[in-house]
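To find a chain, count down the sequence lines: A is the first, B the second, and so on, and within it residues start at 1. The analysis underlying the following values was restricted to heavy atoms, covering all of them including side chains, and did not include hydrogens, waters or symmetry mates.
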Amino acid sequence: MQPCLRAAKELIGKILVRKEKGKLYSGVIVETEAYLGSRDAASHSFNGPTKRNSVMFGEGGFAYVYFTYGNHYCVNAVTGKAGVAHAVLIRALEPLEGISFMKKNRGTEDVYLLCRGPGNLCRAMKIDGSLNGASLLGDEIFLAEFPREKRIKVKRTLRIGITKNPGKLYRFIDPQSPFVSRINYKKLLKANLKKVSA
DNA sequence: TTGCGGATGGACT
DNA sequence: GTCCATCCGCAAC
């Protein structure tokens, strides 16, 4: 598998940790999308480097945070060597720590909505443009292994919200998780409940 | 300086 | 499932 796609798949089940003003936020990654730079018209880096996307052209292991639609930040993990502008968009998390602060930041009490969608998870965790270019091994934001190795049967699907280069199975989700965006999570919760009681 | 497009989210059917 | 408000970044002028 292409290395960036493999990275997107392997990020499912990892923990994203964010520290801000002494507050700790974390969540399990349940949804990602791969963007393959110069090979992928849907990628911000498709047309070459600009001031906005420059982080993607650097070494892997750093955060590419961009602002879109006038109100949302989205966070990516840059993958690959310098010059290869590949990145993995983190689209949804299952919140673990800092849930009370997330509720405040998002203005909702529904835990299933806190980190659902790339814009929402950034708002919940106070991720903004100041983290663009930050190391993903740093103090403010970093990735961690889930302590218990739980097997997730990762599913590949079509990417969300793009018009260029559609039809590629570059989105990776945990199909069991009710925290994935663009699904009827109440229905999935009910189905999971049935499975447990059966 | 300006026009346009967008890796969204939320409201609505 | 569909629609659309909203405003920054960029490229063209």
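As judged by a 4.0 angstrom heavy-atom cut-off over every strand, Ile162(A) is placed among residues touching the sugar-phosphate backbone only. In this structure, Asn47(A) reaches neither bases nor backbone, as no heavy-atom distance under 4.0 Å exists between it and the strands shown. Contact annotation for Arg106(A): backbone-only contact, meaning every heavy-atom pair under 4.0 Å involves sugar-phosphate atoms and none involves a base. Heavy atoms of Arg159(A) sit nowhere under 4.0 angstrom from any nucleic acid atom.
Of all nucleotides listed (dA7(B), dA11(C), dT8(B)), dT8(B) comes nearest to the side chain of His72(A). The side chain of Thr50(A) lies closest to dA11(C), out of dA7(B), dC8(C), dA11(C).
The aromatic ring of Tyr35(A) sits over the base of dA7(B), with ring centres less than 5.5 Å apart and planes tilted by under 30°. Residue-nucleotide stacking is present for Tyr69(A) and dG6(B), judged by a side-chain ring centre under 5.5 Å from the six-membered base ring centre and planes under 30° apart.
Looking only at distances, a side-chain donor or acceptor of Asn76(A) sits under 3.5 Å from a matching main-chain atom of Tyr64(A).
For the pair Lys164(A) and dA7(B), the criterion of a side-chain N or O lying under 4.0 Å from OP1 or OP2 is not met. For the pair Arg91(A) and dT8(B), the criterion of a side-chain N or O lying under 4.0 Å from OP1 or OP2 is met. Under 4.0 angstrom from either OP1 or OP2 of dA7(B) there lies at least one side-chain N or O belonging to His44(A). Contact between the side-chain N/O atoms of Asn120(A) and the OP1/OP2 oxygens of dG10(B) is found at a separation under 4.0 Å.
Checked by atom type, the side-chain pair Tyr170(A)/Asn165(A) shows no donor-acceptor distance below 3.5 Å. Between the side chains of Ser181(A) and Arg91(A), at least one donor-acceptor pair of N or O atoms lies under 3.5 Å. Counting only N and O atoms by type, the side chains of Tyr185(A) and Asn192(A) include no donor and acceptor under 3.5 Å apart. A side-chain donor-acceptor contact under 3.5 Å links Ser130(A) and Asp128(A).
Straight-line distance from the CZ atom of Arg116(A) to the P atom of dA11(B): 13 Å, rounded to whole Å. As rounded to whole Å, 11 Å separates atom C1' of dT2(C) from atom CZ of Arg182(A). Counting to the nearest Å, the P atom of dT8(B) and the CG atom of Asn76(A) are 11 Å from each other. Atom CZ in Arg123(A) sits roughly 12 Å away from atom C1' in dT6(C) (whole-Å rounding). Between the C1' atom of dT8(B) and the CD atom of Glu33(A) lies a distance of 12 Å, rounded to the nearest Å. A straight line from CG of Asn53(A) to P of dG6(B) spans 15 Å, rounded to a whole angstrom. Taking atom CG of residue Asp110(A) and atom P of nucleotide dG9(B), one finds them 15 Å apart after rounding to whole Å. Tyr73(A) places its OH atom 16 Å from the P atom of dT8(B), with the value rounded to the nearest Å.
Under the 6.0 Å cut-off for aromatic ring centres, Tyr66(A) and Tyr73(A) do not qualify, their centroids lying 6.0 Å or more apart.
Stacking of Lys9(A) on the aromatic ring of Phe172(A) is not recorded, the 6.0 Å distance cut-off and the 45° axial limit not both being met.
Evaluation of the ring pair (Phe, Tyr, Trp, His ring centres under 6.0 Å) test over residues 117-159 of chain A, restricted to residues two or more places apart or in two chains, returns none.
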Legend entry - Watson-Crick or G-U pairs under 3.5 Å in DNA chain C, rendered as dot-bracket with [ ] for crossing pairs and | for another strand: |||||.||||||.

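Both Leu113(A) and Thr163(A) lie near DNA chain B, and the one whose nearest nucleotide falls closer to the 5' end is Thr163(A).
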